[in-house]
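Everything on this sheet refers to the single structure shown next.
If you read the sequence from its start, that first residue is 1, and numbering goes on from there. All values derive from a computational prediction rather than experimental measurement.
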Amino acid sequence: MPADLTHLRNIGICAHIDAGKTTVSERILYYTGKNYKMGEVHEGTATMDFLQDEQERGITIQSAATTCPWTHNGRDYKINLIDTPGHVDFTIEVERSLRVLDGAVAVFDGKEGVEAQSETVWRQADRYRVPRLCFINKMDKLGASFDFSFETIKTRLGANAIAIQYPMGTGPEHKGIIDLITMRAFFFEGDKGEVVRETAIPEEFAETAKAWRHTLEEKAAEMDESLMDKYLQEQPLTEAEIRGSLRRGVIDRKCNPVLCGAALRNIGIQALLDAVIDFLPCPTDRSDVEGTDPQDKDVKLTRPHDPDAPFSALVFKVVSDQHGDLTYMRVYSGRLSKGTRLLNPGNGKRENASRIFEMHAQNRLPLEEVTAGNIVAVVGIKDSYTGDTLCDQDKPIILERMHFPEPVISMSIEPKTTEDKRKLSDALSTIRREDPSFRYTYDDETQQTIISGMGELHLDIITTKLRRDMKIGVEVGKPKVSYREAITKKVSDVRGLFKKQTGGRGQFGDCVITIEPFTAEQAAAEELDFEDSIAFENGIVGGVIPKEFIPSIEYGVRQTAITGVKFGYPLINVKVTLTYGSYHDVDSSQVAFEQAGRIALQEAVDRAGPQLLEPIMKVVVTVPNEYLGNITGDISSRRGMIIDTEDRAVVKLVTAEIPLSELFGYTTSIRGMSQGRASATMEFLEYRAMPAGLMKEMLEGKNAEKAGKK
């Protein structure tokens, strides 16, 4: 472990599916000497795609971590690298990786530029304030255009993109890159691009390079007042001045340097590694990690990125393993020796870090100790899961938790035999521990187990894992949409009274609430907790309800909202304000007030115009011009709304918003309408009110299904 944190980089590779993230990662492993053979995604030999499903499907499903060395300007550095999935169904893998990284490389397809999932990943990185470099890959692809892709980064992402490289040729003519900082040309030669040859810029590219260099100097000067004076006096900026300005700009998230190359043809990766060292932050460049006191969440605490500070780490991934679960964590402060006892301040449990490993995809290197700034996997952790904090027992802190997306699709799953039934519950619990975006419940009415996830592919991967890896025979039902309940109007002064007398001490809880439609933006503005899309505000004055019973009312309200009030689906986008109530000196209890909260919410929702919301997906279809009519007509028949149609060479990019319930089997369907030439990507956009007629029809069908199961 490097003692000097300035020589450490924690980075992720992230992008839209098929932009070449894993190929970039494989080249990084080869050039850093971590691998002696290049793995290829299309051959199923990629180191970072080590799961059987990943090799068979040619996609990344779970994020993989590795550590590799790199020497830059004569100094040795260590890079902790995480390769993340591009498919939207596995967005949780990107989410949790970005939470613990100090920087990221966003990879773009040189022909397609910014695509749908690129935007999602970019927004996730914004949420976690992660500095980014951009790498325009596949410059060797027919139809690739650096200028086009560069513009999409500016226009679609709103990024302050600054080109620091320019390609020499595109498509089959792509032969190297121009470094706009040094104004030198670089060719990547040898059998595997391992020989980097530096030359003067070829004459045919000289004028273009000069123009881009001028823009680079202007952008660098804009971010540094001392350089602006020099620039305005038309004095050339030095390489060191440009690099210094860009580095500060990246760390402050004011700019995104853009590089280019072709990973599959081994062009540009060594220069990308140099840029990671030059521009992305080391742990000490980031501000101290923030958290709260476990005893009082209003008390803010911080931990410096310092090996001598009290220990704190965030669990960001749990992988089930036959030799003991691997718990991946980012160490933010302090040091951890194997065998150390730790505290999980969220649940109060003590944990034992019996063994520590530095990970290289599925392989592990044992460590005696790990210090601040590093990413490792630990064996021995029993009761800590993704998003949990582990810390020094005597200096507790709870670090900021992660955002987990809500599932949008579900289906029934039934074991085939008694033995399968016995094993299924444990297996689902294991998968849930590994994947927080996966949920499962047991429906008492239908006596079915319901599994829920982020898309058809997500659930397909899970059922394959149950059958093939865990050897459990299961039958699956048709996928079903996860709807939500909401209200349409504000209702005030709704009373929830729970009164029970059964001889001896009774039960008494009484509360009055107001409910109203609410959004995440409103919650943020009012600084209210919006967990599970429900805000709860205590408006009690004068002690009409003792303060020890207030949390019980909130718990009753939240639990009722989660299980559904009117239609059996979770209630969202609601603010509940507790305004009045009463209590009994002897009969009042936490249980009684919890029940009072439940009763009040049920009554209030009934009077607040309940409605069903359905998940709407943003769908981007790439279709040859001659099949455009087929696709747009089909979108309309699916209750879809076309938002944008964009020309892209000989194809059209159609962006539409379509209800998820209309999209099952959509990829197969559009292939049939276009002789296999159209493709689509989709991601969850938002929940919207369902048309009244369809809502009635859907609820009648649901009730009939339940009646049939009884």
Side-chain angles (χ1 to χ4, degrees), residues 1-12 63-68 77-82 96-104 128-130 280-292 294 301-319 325-346 349-360 364-381 384-402:
M1 296 289 170
D4 185 354
L5 290 183
T6 62
H7 286 212
L8 178 64
R9 300 290 183 273
N10 293 312
I11 67 163
S63 53
T66 190
T67 301
C68 47
Y77 292 85
K78 172 182 163 184
I79 299 173
N80 288 324
L81 173 72
I82 298 181
R96 58 183 168 193
S97 299
L98 287 171
R99 171 64 181 84
V100 297
L101 293 171
D102 296 322
Y128 292 119
R129 303 178 290 281
V130 178
L280 289 181
C282 64
T284 52
D285 287 324
R286 307 296 306 275
S287 54
D288 291 352
V289 65
E290 297 179 348
T292 56
L301 301 174
T302 60
R303 291 285 185 270
H305 301 278
D306 182 351
D308 296 323
F311 178 81
S312 68
L314 187 76
V315 174
F316 70 95
K317 187 179 174 77
V318 178
V319 176
D325 286 356
L326 277 174
T327 302
Y328 285 75
M329 62 173 74
R330 161 71 191 264
V331 180
Y332 282 101
S333 62
R335 61 182 76 239
L336 175 66
S337 301
K338 73 175 188 179
T340 302
R341 296 281 288 175
L342 299 170
L343 171 69
N344 180 333
K349 297 285 181 71
R350 298 292 196 276
E351 299 279 21
N352 181 37
S354 57
R355 285 179 290 167
I356 305 169
F357 297 102
E358 182 181 279
M359 298 302 296
H360 176 48
R364 28 181 119 164
L365 174 69
L367 300 173
E368 293 297 315
E369 183 183 73
V370 60
T371 56
N374 283 283
I375 293 173
V376 291
V378 175
V379 171
I381 307 299
S384 300
Y385 307 112
T386 300
D388 284 355
T389 300
L390 291 171
C391 63
D392 187 311
Q393 296 182 81
D394 299 323
K395 300 277 185 167
I397 183 175
I398 295 181
L399 304 178
E400 180 189 354
R401 290 189 64 84
M402 300 182 195

Salt bridge present between [X] and [Y] (N-O < 4.0 angstrom):
| X | Y | result |
| --- | --- | --- |
| Asp102 | Arg330 | yes |
| Lys78 | Glu358 | yes |
| Glu351 | Arg341 | no |

key: Leu5 vs Cys282, side-chain contact (heavy atoms from CB on, under 4.5 Å): CA-CA, chis, key distance, verdict   = CA-CA 7 Å; Leu5 290 183; Cys282 64; 5.6 Å; no

For [X], give me all partners under side chain to side chain donor-acceptor pair (under 3.5 Å), at least two apart in sequence or on another chain.
| X | answer |
| --- | --- |
| Thr327 | none |
| Arg350 | Gln393 |
| Asn344 | Ser384, Asp388 |
| Ser333 | Ser312 |

request  = Considering non-hydrogen atoms only, spot the tightest contact between Leu101 and Ile375 and give its length.
outcome  =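 Looking at all heavy atoms of both residues, the shortest contact is CD2-CD1, 4.2 Å.
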
inquiry  = Could you report the tightest heavy-atom contact between Pro345 and Ile398, atom names first, then the distance?
reply    =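 So the two residues come closest at CG-CG1, 3.7 Å.
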
Would you find a donor on one side and an acceptor on the other, under 3.5 Å apart, between the side chain of [X] and the backbone of [Y]?
| X | Y | answer |
| --- | --- | --- |
| Asn10 | Gly373 | yes |
| Arg9 | Leu280 | yes |
| Thr66 | Leu81 | no |

Residues in ring-ring contact (aromatic ring centres under 6.0 Å, His included) contact with Tyr385, at least two apart in sequence or another chain =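 Applying ring-ring contact (aromatic ring centres under 6.0 Å, His included) to Tyr385 gives none.
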
query = Does the side-chain contact (heavy atoms from CB on, under 4.5 Å) test come out yes or no for His7 and Tyr77, once each step is laid out?
reply = CA-CA 5 Å; His7 286 212; Tyr77 292 85; 4.0 Å; yes

What is the distance from atom [atom1] of [X] to atom [atom2] of [Y], rounded to the nearest 0.5 Å?
| X | Y | atom1 | atom2 | answer |
| --- | --- | --- | --- | --- |
| Phe357 | Leu365 | CZ | CG | 9.0 Å |
| Thr67 | Ile79 | OG1 | CD1 | 10.0 Å |
| Ile356 | Leu367 | CD1 | CG | 6.5 Å |
| Tyr332 | Cys391 | OH | SG | 14.0 Å |

Note, [X] side chain near [Y] side chain (heavy atom, < 4.5 Å):
| X | Y | answer |
| --- | --- | --- |
| Asp285 | Thr6 | no |
| Phe311 | Val331 | yes |
| Asn80 | Leu8 | yes |
| Arg99 | Phe316 | no |
| Leu326 | Val318 | no |

ask   = Mind checking what makes salt bridge (charged side-chain N to carboxylate O under 4.0 Å, His left out) contact with Glu400, not counting sequence neighbours?
value =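 Glu400: salt bridge (charged side-chain N to carboxylate O under 4.0 Å, His left out) contacts with Arg129.
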
request  = Go through the structure and list residues passing side chain to side chain contact (heavy atoms under 4.5 Å, CB included) with Ala104, not counting sequence neighbours.
outcome  =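 So Ala104 forms a side chain to side chain contact (heavy atoms under 4.5 Å, CB included) with Cys14, Leu98, Val130, Arg132.
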
ask   = Would Leu301 and Thr292 satisfy side-chain contact (heavy atoms from CB on, under 4.5 Å), going step by step from the backbone distance to the final call?
value = CA-CA 5 Å; Leu301 301 174; Thr292 56; over 6 Å; no

Return a table of donor-acceptor pairs under 3.5 angstrom between the side chains of residues 302-309 and protein atoms on other chains or two or more places apart.
| unit_1 | atom_1 | unit_2 | atom_2 | d |
| --- | --- | --- | --- | --- |
| Arg303 | NH2 | Lys395 | O | 2.9 |
| His305 | NE2 | Ser287 | O | 3.1 |
| Asp306 | OD1 | Asp308 | N | 2.9 |
| Asp308 | OD1 | Arg335 | NH2 | 3.3 |

request  = Among Leu314, Val315, Leu343, find the residue that satisfies the side chain to side chain contact (heavy atoms under 4.5 Å, CB included) test when tested with Thr389.
outcome  =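 When Leu314, Val315, Leu343 are each tested with Thr389, the side chain to side chain contact (heavy atoms under 4.5 Å, CB included) holds only for Leu314.
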
inquiry  = Determine whether Met329 and Val378 satisfy the following criterion, side-chain contact (heavy atoms from CB on, under 4.5 Å), listing intermediate values before the conclusion.
reply    = CA-CA 8 Å; Met329 62 173 74; Val378 175; 3.6 Å; yes

